[in-house]
Colleague: 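My questions all concern the structure below.
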6 protein chains.
Amino acid sequence: MNRLIEKANILIEALPYIRAFAGKTLVIKYGGHAQLDEALKAGFAEDVVLMKYIGLNPVIVHGGGPQISDMMKRLGKEPRFVNGVRVTDKETMEIVEMVLGGVINKEIVELITRHGGRAVGVSGKDGRLITAKPVKAAGGKRVDLGQVGDVDSIDPQILVDLTSNRYIPVIAPVGVGRDGRTYNINADLVAGAVARAVRAEKLVMLTDVAGILNAKGALIPTLSRKDIQRLIKSGTITSGMLPKVHACLTAVEGGVAKAHIIDGRVPHALLLEIFTKEGIGTEIIA
Amino acid sequence: MNRLIEKANILIEALPYIRAFAGKTLVIKYGGHAQLDEALKAGFAEDVVLMKYIGLNPVIVHGGGPQISDMMKRLGKEPRFVNGVRVTDKETMEIVEMVLGGVINKEIVELITRHGGRAVGVSGKDGRLITAKPVKAAGGKRVDLGQVGDVDSIDPQILVDLTSNRYIPVIAPVGVGRDGRTYNINADLVAGAVARAVRAEKLVMLTDVAGILNAKGALIPTLSRKDIQRLIKSGTITSGMLPKVHACLTAVEGGVAKAHIIDGRVPHALLLEIFTKEGIGTEIIA
Amino acid sequence: MNRLIEKANILIEALPYIRAFAGKTLVIKYGGHAQLDEALKAGFAEDVVLMKYIGLNPVIVHGGGPQISDMMKRLGKEPRFVNGVRVTDKETMEIVEMVLGGVINKEIVELITRHGGRAVGVSGKDGRLITAKPVKAAGGKRVDLGQVGDVDSIDPQILVDLTSNRYIPVIAPVGVGRDGRTYNINADLVAGAVARAVRAEKLVMLTDVAGILNAKGALIPTLSRKDIQRLIKSGTITSGMLPKVHACLTAVEGGVAKAHIIDGRVPHALLLEIFTKEGIGTEIIA
Amino acid sequence: MNRLIEKANILIEALPYIRAFAGKTLVIKYGGHAQLDEALKAGFAEDVVLMKYIGLNPVIVHGGGPQISDMMKRLGKEPRFVNGVRVTDKETMEIVEMVLGGVINKEIVELITRHGGRAVGVSGKDGRLITAKPVKAAGGKRVDLGQVGDVDSIDPQILVDLTSNRYIPVIAPVGVGRDGRTYNINADLVAGAVARAVRAEKLVMLTDVAGILNAKGALIPTLSRKDIQRLIKSGTITSGMLPKVHACLTAVEGGVAKAHIIDGRVPHALLLEIFTKEGIGTEIIA
Amino acid sequence: MNRLIEKANILIEALPYIRAFAGKTLVIKYGGHAQLDEALKAGFAEDVVLMKYIGLNPVIVHGGGPQISDMMKRLGKEPRFVNGVRVTDKETMEIVEMVLGGVINKEIVELITRHGGRAVGVSGKDGRLITAKPVKAAGGKRVDLGQVGDVDSIDPQILVDLTSNRYIPVIAPVGVGRDGRTYNINADLVAGAVARAVRAEKLVMLTDVAGILNAKGALIPTLSRKDIQRLIKSGTITSGMLPKVHACLTAVEGGVAKAHIIDGRVPHALLLEIFTKEGIGTEIIA
Amino acid sequence: MNRLIEKANILIEALPYIRAFAGKTLVIKYGGHAQLDEALKAGFAEDVVLMKYIGLNPVIVHGGGPQISDMMKRLGKEPRFVNGVRVTDKETMEIVEMVLGGVINKEIVELITRHGGRAVGVSGKDGRLITAKPVKAAGGKRVDLGQVGDVDSIDPQILVDLTSNRYIPVIAPVGVGRDGRTYNINADLVAGAVARAVRAEKLVMLTDVAGILNAKGALIPTLSRKDIQRLIKSGTITSGMLPKVHACLTAVEGGVAKAHIIDGRVPHALLLEIFTKEGIGTEIIA
C-alpha cells in the first residue's frame with residue numbers, strides 16, 4: 001500500500017506542471033538514439049501520448065540522417081558532406097524524401113498509434129506547411145550543396161487544424177522552394193521555425209548528449225545568446241550542435257517561452273523535462 | 001536521475017487509466033476522516049484537481065453528520081437518531097441546511113480552489129437539482145422522522161452546465177419535496193442517485209473502513225447484489241454501511257459501470273482507486 | 001371586456017422598457033422587509049422571473065443581518081457593532097457564512113424556483129467570485145473588526161456562465177482574502193462591485209425607506225457625487241445609507257448606466273422602477 | 001402609487017402565459033378592420049412586437065380583398081366572384097400580386113418596423129415558400145376560376161431562417177404551381193397550412209365578428225370537428241367563415257395545439273387571446 | 001470527344017476567377033433588355049445561380065421604369081419626368097411600389113427559383129434595409145419631385161442574414177424616409193450604395209449600351225473619377241448614364257474593388273465579365 | 001465576342017451537374033498514364049482543384065506500381081509477381097512504402113498545391129485510416145505473397161476532418177494489420193473501400209483503357225454484377241481489370257451511387273465524366 005501511495009504522490013507532484021502547460025503547444029525535435037533504440041522509442045511514444053491526453057499539444061519534427069545514408073549506400077550512392085551538411089543532388093533528394101516521408105515519418109506515426117495516440121504525418125509539402133529557400137554555403141564557405149534548403153516561411157494552418165481535431169502532427173523536414181524544387185532541410189532548423197510559427201510554449205531537442213557542456217565537460221544548465229556566441233567563438237559549441245542552438249535562439253527570440261537541449265538517451269527524457277522541477281539538459285533563454 | 005526516471009515510469013503507468021477515463025464523469029461521496037484530517041483533505045483536493053486537469057469530470061457529494069450534531073449541541077438541541085437516521089424536526093432541518101450548505105459545502109469549494117481547481121457548490125435547491133420525498137420508516141420500522149427524505153428525482157442539467165463550463169460541482173445533500181418542504185437526505189443515497197442520473201463511469205464512496213469485510217474481517221474485493229443480500233441477512237453488512245451498498249446498487253443497476261467503497265483514510269485513495277490496476281476497497285457490480 | 005383591453009394597454013406600455021433592457025444585466029440588492037414579508041417576497045420573485053423571461057438578466061445579491069443576529073443569540077453570542085459594522089470574530093464568521101450561504105441564499109433560490117425561475121445560489125467562494133480584503137476601520141475610526149472585509153476584486157466568469165445558461169444567480173456576500181481567511185462583506189458593497197464587474201445596465205437597491213430624503217423629509221429624485229458629498233457632510237445621509245450610496249457611486253463611476261435606491265416595501269417595486277416612466281426612489285448618477 | 005402597483009400586478013398576471021409560450025411560434029391571420037383602422041393597426045403592431053420581444057415567434061399572414069377590388073376598379077376591371085371566390089384571370093392575378101405583395105405586405109412590414117420590430121415580407125415565391133395547386137370548384141360547383149389556387153405544399157425553411165435571425169415574417173398569400181403559374185390563394189388557408197408546417201403552438205384568425213355564433217347569435221367558446229360539421233350542415237357557419245374553420249381544422253389536426261377565431265375589432269385582441277385566462281372568440285380543437 | 005475536351009478546357013479556364021472570387025459578394029444592377037427579353041432573362045438567371053453554386057454571393061438590385069409607366073397609363077395617369085426623373089406624387093408612389101415590389105421583384109425571384117436558385121425578394125422596407133431622404137432637385141434645378149428619394153443609409157444586416165443562409169437577395173429600390181414616407185429611388189443609386197455597404201468585391205451594372213463610349217463612339221475600357229468629370233463636362237456622359245457612373249464612383253470610393261458598366265444585351269454578360277480575362281464594357285476605378 | 005458567349009454557354013451547361021454534386025464526395029483512383037504524362041498530370045490537378053472550389057469533395061487514392069519496380073531494380077532487387085500480384089517480402093514492403101508514401105504521395109500533393117489547391121497526403125497509417133489483413137491467395141491459388149494485404153476496415157475520421165477543413169486528401173495504399181505489420185494493398189481496392197466508408201457519391205477509376213470492352217472490342221457503357229460475372233467467366237474481363245471491377249462492385253453495393261471505369265488518357269477525363277451528360281467509359285451499377 002505504501003508503494004501505491006508513493007505512486008499517487010508522484011502523480012500529484014506533476015499537477016503544477018499539468019496546470020501550467022494545459023492547452024499549450026510543445027514542439028519536439030525527435031532524433032538520435034531515441035529514434036533508434038526500441039525501449040527509448042516506446043518511452044518516447046508513451047510520453048507524447050500521455051502529454052496529449054492530459055491536455056498538452058505535442059508537435060513532432062524528426063530527422064533521419066543515418067537511415068538516409070544507409071539507403072544511399074544500398075542504392076550504390078556514396079553520401080557526401082561539406083562541413084557536416086549533406087550535398088543533395090536530385091537523386092539524393094529523392095532518396096531523402098523517400099526515407100524521411102515514406103519510411104521514418106510513417107514509422108513514428110505508427111509508433112504513436114500503437115501506444116494509443118492519433119497521429120498524422122506530414123511533410124512540408126502537405127498543406128503548404130514549409131516554404132524553403134536554397135542554402136548557398138556551409139560553415140561560412142560558399143559551396144554548391146544542391147537541394148539543401150533553409151526555412152523561408154511556415155504556414156502553420158495544417159498544424160492548427162490537426163491539433164484542434166485532436167491529432168498529434170509528425171513533420172518530415174522537407175520543403176518546397178518558390179522555384180518549385182524540393183529541399184532537404186535540417187530538422188533542427190525546422191523544429192525551431194515551427195515552434196516560432198505556432199508560438200509554442202516550449203521547444204525540446206532530443207539529442208545524444210547530456211546537453212551543452214563547458215570546456216571542462218560539465219553540463220551548462222542555462223545559456224543566453226551572448227553565452228552562446230562566446231561558446232561558439234571559443235570552439236566549445238561546434239558542428240552538429242550549431243543548428244540546434246541556432247534553432248533554439250530562433251524560437252525563443254520569436255516568442256517561444258523556453259527551449260531545451262536534452263539527453264534523449266535518458267528514458268522518458270521528455271516527461272522529465274516537462275514534469276519535474278529539476279528539468280534536464282541545457283535551457284536556452286532569449 | 002534514476003529516481004526521476006522511476007517517477008516518469010509511474011506517470012506512464014497511469015496512461016491506460018487516463019485514456020480509459022477521458023471525458024468520463026466520476027461521482028465521489030466525500031466524508032468521514034477524509035473530510036476532517038488536514039493532510040487527507042489536501043490529498044483529496046489534489047486528487048480531484050488532478051482528475052479535472054487530465055480530462056475526467058469529478059462531481060463531489062458530501063455529508064456532514066458530526067458537524068451537524070456539534071452545531072445542534074451548541075444551539076442547545078440534543079441530536080436524536082432512530083436506527084441511525086437523524087430525526088429532523090423543523091429547527092434541526094434549518095441547522096442541517098445551514099451546516100451543510102453554508103459551512104461544509106463552501107469549505108470544500110474553497111479547499112479545491114486553493115489547490116488550483118474551479119469549484120461551485122450547490123445544494124439540491126440550486127437549479128432544482130434534487131427533488132425529495134419524505135422517508136416514513138427507519139430500519140424497516142415506521143416512525144416519524146420529520147424532514148428526513150429520500151431522492152425522488154434528479155435534474156442533472158445544472159451539473160452538465162457546470163462541468164461543461166469546466167467547474168467541479170460540489171453537492172450538499174438537501175432537497176425540496178413536492179410539498180415545498182426542505183428535506184435532509186443521506187449523502188450516500190444522493191451520490192448514488194446523482195451517479196445514475198449523470199450516467200457516471202464510476203461511483204466512489206470514501207469511508208472510514210477498508211471496504212466491506214467478511215465475517216472473518218477480511219476485505220471482500222467484489223460483491224454482486226446477491227452477495228450483498230446474503231451479507232445483509234447474515235448481519236455482516238449493517239447500519240452505516242447499508243445506505244452505501246444500496247446507493248452503489250442503485251448506481252450500477254442504473255447504468256454506472258462500477259461502484260466502489262474505499263478507505264478514505266488512505267492518502268490519495270481516489271487516485272489509487274482510479275489510476276492503479278489493483279484498486280482498493282470493495283467493488284460493487286451490477 | 002374593457003377591463004381586459006385596459007390590461008392589454010398596460011402590457012403595451014411596458015414595451016419600450018422591454019426593448020430598452022433586452023439582454024441587459026440588472027444587479028439587485030435584495031434585503032430588508034422585501035426579504036421578510038411573505039407577500040413582498042412573492043412579489044419580488046415574480047418580478048425577477050418575469051424579467052428573466054422577457055429577456056433581462058437579473059443578478060441578486062442578498063444580505064441577512066437580522067437573521068445572523070438572531071442565530072448568534074440562539075448560540076449564546078451577543079452581536080457587537082462598531083459604527084454599524086458587525087465585529088466578526090472567527091465564531092461569528094462561521095455563523096455569518098452558515099446563515100447567509102446555508103439558509104438565506106437557498107431560501108431565495110427556492111423562492112425563485114417556486115415562481116418558475118431557475119436560480120443558482122453562490123457565495124463569493126464559488127468559482128472564486130469574490131476576493132476580499134480586510135477592513136481596518138469603521139466610520140473613520142481604526143478598529144479591530146475581525147473578519148470584516150471589503151471587495152478586493154470580482155471574477156465575474158461564474159455569473160457569465162450561469163446567466164448564459166439561463167440561470168438567475170443569487171449571491172451571498174462572503175469572500176475569501178488572499179490570506180485564505182473568509183470575510184463578511186457588506187451586501188451593498190458587493191452589489192456595487194458586482195454591478196461594475198459585469199457592466200450592469202442598472203443597480204437597484206431595495207431598502208426600507210422611500211429613497212434618500214432631504215432635510216425636510218422629501219424624496220430627492222436624483223443625486224450626483226457632489227450632491228451626495230454635501231448631504232453626507234450636512235448629516236442628511238447617515239449610517240446604513242452610507243454603504244448604499246457608496247456602492248451606487250462605485251457602480252455608476254465604473255460604467256453602470258444608472259443606480260437606484262428604492263423602497264422595497266412597495267409591492268413589485270422592481271417592476272415599477274424598471275417598467276414605468278416615473279420610476280421610484282432616488283437615482284444616483286455619475 | 002396604487003395605480004402603478006396595479007399596473008405591475010397586471011404584468012405579473014401575464015407571467016404564466018409568457019412562460020408557457022416561450023420560444024413557441026404563433027401564426028396570425030391578419031385581416032379585416034384590424035388591417036384598415038389606424039388605431040387597430042397600431043395596436044396589432046404593438047402586440048406583435050411585444051410578443052417577439054418577450055420570446056414568442058409571431059408569423060403574420062395577411063389578405064387584402066377590398067384593396068384588390070378597389071385597384072381592379074381603378075384599372076377599369078369589374079371584380080367577379082363565384083360563391084365568394086374571386087375569378088382570377090391573368091390580368092386579375094397580376095393585380096392581386098401587385099396589391100398583396102407590393103402594397104399591403106410592405107405596409108405591414110413598415111407598420112411593424114415603425115413600432116420597433118424587425119419584419120421581412122415574403123410572398124409564397126420567396127424561398128419557394130408556397131407551392132400552389134389550381135382550385136377547380138367553388139362552393140361544391142365545378143367552375144373555371146382561373147388562377148385561384150390552394151396550398152399544395154409549404155417549405156418552411158425561409159420562415160425558420162427569418163425567425164432564427166430574429167425577424168417577424170409577413171406572408172402574402174400568393175403561390176407558384178408546378179405548372180409555373182402564379183396562384184391567388186385564400187389567406188385563411190395559407191395561414192392554416194403555414195401553422196401546420198411550422199408546428200405552431202397557436203393559429204389565431206383576426207376577423208370582423210365576435211367569433212362563431214350559434215343560431216341564437218350567442219358566441220360559441222369551443223368547437224370540435226363534429227360540432228363544425230353540424231353547424232355547416234345547419235347553415236350556421238357559412239360563406240366567409242368556411243375557409244377559416246377549415247384552416248383551423250387543418251392546423252389542429254396537423255399538430256397545432258389550438259386555433260382561435262377572434263374579434264379583430266377589439267383593441268389588442270391578440271394580447272387578450274394569448275395573455276389572459278378568459279381568451280376571446282371561438283376556439284377550434286382537434 | 002475533342003469537342004468535350006474543348007468544353008473541359010473552358011471550365012478550367014474559369015478556375016482562376018472562381019478562386020479569386022470565392023466567398024466574395026457581387027452586387028448586380030439588373031435592368032433594361034436583360035430584364036425584358038426571354039432568352040436574356042434565362043441567361044441572367046443561369047449566370048446568377050451558377051455564381052451562387054460555385055461560391056460567390058450575388059445580390060440583385062432591379063429597376064422597372066417601363067413597367068411602371070405602363071401601369072400608370074392603364075390606371076389613366078400620365079407619367080411625367082423632369083430631367084429624366086419621374087415626378088412621384090402619392091398615387092404614383094403607390095403604383096411604383098406595387099409594380100416594383102409586387103410584380104417585378106417576385107418575377108425575378110421566381111425566375112431564379114425556376115433555374116435552381118433560392119431567392120428572396122425584399123424592398124428597402126424589409127429589415128429596414130434602405131433609409132431614404134427626399135431629392136429636392138433634378139439636373140441641378142430645384143423642383144418638387146414628390147416622393148423621389150436618394151439613399152440616406154443602408155442597414156445590410158438582412159442581406160448578410162439571407163446570404164449566410166444561402167439565399168440570393170433581390171432588392172426593389174424603394175425606401176422609407178425618417179419622415180415615415182415611402183420613396184422611389186433610382187435603382188442604380190441603390191445598387192451603388194448597397195455595394196458599398198456590403199463591401200462588395202464588384203458592382204456590375206447591366207445596361208443597354210456597350211459601355212461608356214468616347215466622342216467617336218468607341219468603347220472606353222477604363223475610367224477614373226477625373227476622366228468621368230471631364231466626360232460629363234464635355235457632354236459625352238449624359239442623362240441616364242449619369243446615375244450609373246455616380247453609383248459606380250460611390251461604390252469604388254467606398255471600398256468596392258471594381259465597378260463595371262456592361263452590355264446586358266450580350267448573352268451571359270455577367271459570366272463574361274466575371275470569368276474571362278477580357279471582361280466587357282467599361283470599368284470604373286477609384 | 002461570339003467565342004466568349006460560347007464559353008459562357010459551356011459554363012452554364014455544367015450548372016446542373018454542379019448543383020447535383022454540391023457537397024458530395026468523389027473518390028478518385030489516380031494511376032496509369034494520367035500519373036506519368038506531364039500534360040495529363042496538370043489536367044488532373046486542374047480538374048481536382050476546380051471540383052473542390054465549386055463545392056465537391058474529391059478524395060484521391062493513388063498507386064505506383066511502375067515506380068516501385070523501378071526503385072527495386074535500382075536497389076538490385078528483382079520484382080516478382082504471382083498472378084499479377086507483387087510478392088512483397090519485408091525489404092520490398094519498405095521500398096513500396098518509401099516510394100508510395102515518400103515520393104509519389106508528396107508529388108501529387110505538390111502537384112495539386114501548384115494548381116491552387118490545398119492537399120494533404122496520408123497513408124493508411126495516418127489517423128489509423130486503413131486496417132489491413134493479409135492476402136493468402138492470388139488468382140484463386142494459395143500462395144505466400146508476404147506483406148500483401150486487403151482492406152480489413154477503414155476509419156474515415158481523418159478524411160472527414162481534412163475535407164471539413166477544406167483540404168483535398170491524397171491516400172497512399174498502405175495499411176497496418178492487427179499483427180502490427182505494414183501491408184501493401186492494391187490501390188483499386190483501397191479506393192473502393194474508402195468510397196464505401198465515406199459514402200461517396202461516385203467512385204471514378206482512371207485507367208489506361210477506354211473502359212470495359214466487349215469481345216468485339218466495343219465499349220460497354222453500363223454493367224451490373226450479373227453482367228460482370230458473365231464477362232469474367234467468359235474471359236472478357238481479366239487480370240488488371242479484375243480488382244477495378246471488384247472495387248466498383250464493393251462501392252456500389254455499399255451505398256456509393258455510381259462507379260466508373262474511365263480512360264485517364266483523355267485530357268480532363270474527370271471533368272468530362274462528372275460535368276457532361278455523355279460521361280465516358282463504363283459505369284458499374286449495383
Side-chain angles (χ1 to χ4, degrees), chain D residues 64 67-68 71-77 91 93-114 116-129 131 155 157-158 160-170 172 174-177 180-182, chain E residues 64 67-68 71-77 91 93-114 116-129 131 155 157-158 160-170 172 174-177 180-182:
Chain D
Q67 296 96 320
I68 292 166
M71 180 59 66
M72 286 181 74
K73 285 171 195 160
R74 283 167 62 191
L75 285 165
K77 261 189 96 77
E91 206 174 20
M93 185 63 236
E94 196 185 14
I95 297 167
V96 165
E97 198 176 8
M98 212 161 70
V99 172
L100 289 179
V103 181
I104 298 176
N105 187 270
K106 298 313 174 195
E107 188 185 296
I108 298 170
V109 164
E110 211 275 316
L111 175 70
I112 292 172
T113 300
R114 204 162 57 230
R118 296 170 71 214
V120 170
V122 293
S123 89
K125 293 182 173 177
D126 294 294
R128 310 179 208 176
L129 175 60
T131 302
D155 177 348
Q157 191 58 47
I158 180 67
V160 171
D161 291 335
L162 288 174
T163 55
S164 70
N165 282 315
R166 308 191 62 84
Y167 297 100
I168 299 166
V170 178
V174 168
V176 184
R181 295 207 303 168
T182 301
Chain E
Q67 297 96 323
I68 292 166
M71 180 59 66
M72 287 181 75
K73 286 172 193 158
R74 281 167 63 192
L75 285 163
K77 262 189 95 77
E91 204 174 22
M93 185 64 237
E94 196 184 14
I95 297 166
V96 166
E97 198 176 8
M98 213 161 70
V99 171
L100 289 179
V103 181
I104 299 176
N105 186 269
K106 298 313 173 195
E107 188 186 295
I108 299 170
V109 164
E110 211 276 315
L111 175 70
I112 293 173
T113 300
R114 202 162 58 229
R118 297 170 69 216
V120 170
V122 293
S123 90
K125 293 182 173 176
D126 294 293
R128 310 179 208 174
L129 174 60
T131 302
D155 178 349
Q157 191 58 48
I158 179 67
V160 172
D161 291 336
L162 288 173
T163 54
S164 70
N165 282 315
R166 309 190 60 86
Y167 297 100
I168 299 165
V170 179
V174 168
V176 184
R181 296 208 302 169
T182 300

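Residue numbers begin at 1 in each chain, while the letters A, B, ... track the order of the sequences. Quick note: numbers below take in every heavy atom, side chains included, and nothing from hydrogens, waters or symmetry partners.
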Colleague: Could you give the distance from CD (E:Glu107) to CD1 (E:Ile104), rounded to the nearest 0.5 Å?
Modeller: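 Result: 7.0 Å between the selected atoms.
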Colleague: Is E:Glu110 salt-bridged to E:Lys106, going by a charged N under 4.0 Å from an acidic O?
Modeller: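 Salt bridge: no.
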Colleague: How long is the gap from CD on D:Glu97 to CD1 on D:Ile68, to the nearest 0.5 Å?
Modeller: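 Those atoms lie 10.5 Å apart.
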Colleague: So which part of D:Leu162 gets closer than 4.5 Å to some heavy atom of chain E, the side chain, the backbone, both or neither?
Modeller: side chain
Colleague: Under the rule for salt bridge (charged side-chain N to carboxylate O under 4.0 Å, His left out), what residues qualify as partners of D:Arg74, not counting sequence neighbours?
Modeller: E:Glu91, E:Glu94
Colleague: Which residue out of E:Thr113, E:Ile158, E:Val99 racks up the most heavy-atom pairs below 4.5 Å with chain D?
Modeller: E:Ile158
Colleague: Is D:Val120 close to chain E through its backbone or its side chain, or both, or neither, when contacts mean heavy atoms under 4.5 Å?
Modeller: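 It is both, since atoms from each part get that close.
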Colleague: Which one wins on heavy-atom pair count under 4.5 Å against chain D: E:Ala172, E:Ser164, E:Ala119?
Modeller: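 Between E:Ala172, E:Ser164, E:Ala119, the count favours E:Ala119.
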Colleague: Name the member of E:Gly127, E:Gly76, E:Gly121, E:Gly180 that forms the most heavy-atom pairs with chain D at distances under 4.5 Å.
Modeller: E:Gly121
Colleague: Given a strict heavy-atom distance threshold of 4.5 Å, which part of E:Val109 is in contact with chain D: side chain, backbone, both, or neither?
Modeller: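 Side chain of E:Val109 only, per the 4.5 Å heavy-atom cut-off to chain D.
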Colleague: Can you tell me how far the CD1 atom of D:Ile95 sits from the CE atom of D:Met71, to the nearest 0.5 Å?
Modeller: 8.0 Å
Colleague: Report which part of D:Val176 has an atom under 4.5 Å of a heavy atom belonging to chain E: side chain, backbone, both, or neither.
Modeller: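 For D:Val176, side-chain heavy atoms alone lie under 4.5 Å from chain E.
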Colleague: With sequence neighbours excluded, what pairs up with E:Asp161 under the side chain to side chain contact (heavy atoms under 4.5 Å, CB included) test?
Modeller: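 For E:Asp161, the residues satisfying side chain to side chain contact (heavy atoms under 4.5 Å, CB included) (neighbours in sequence not counted) are D:Arg118, D:Asn165, D:Tyr167, E:Gln157.
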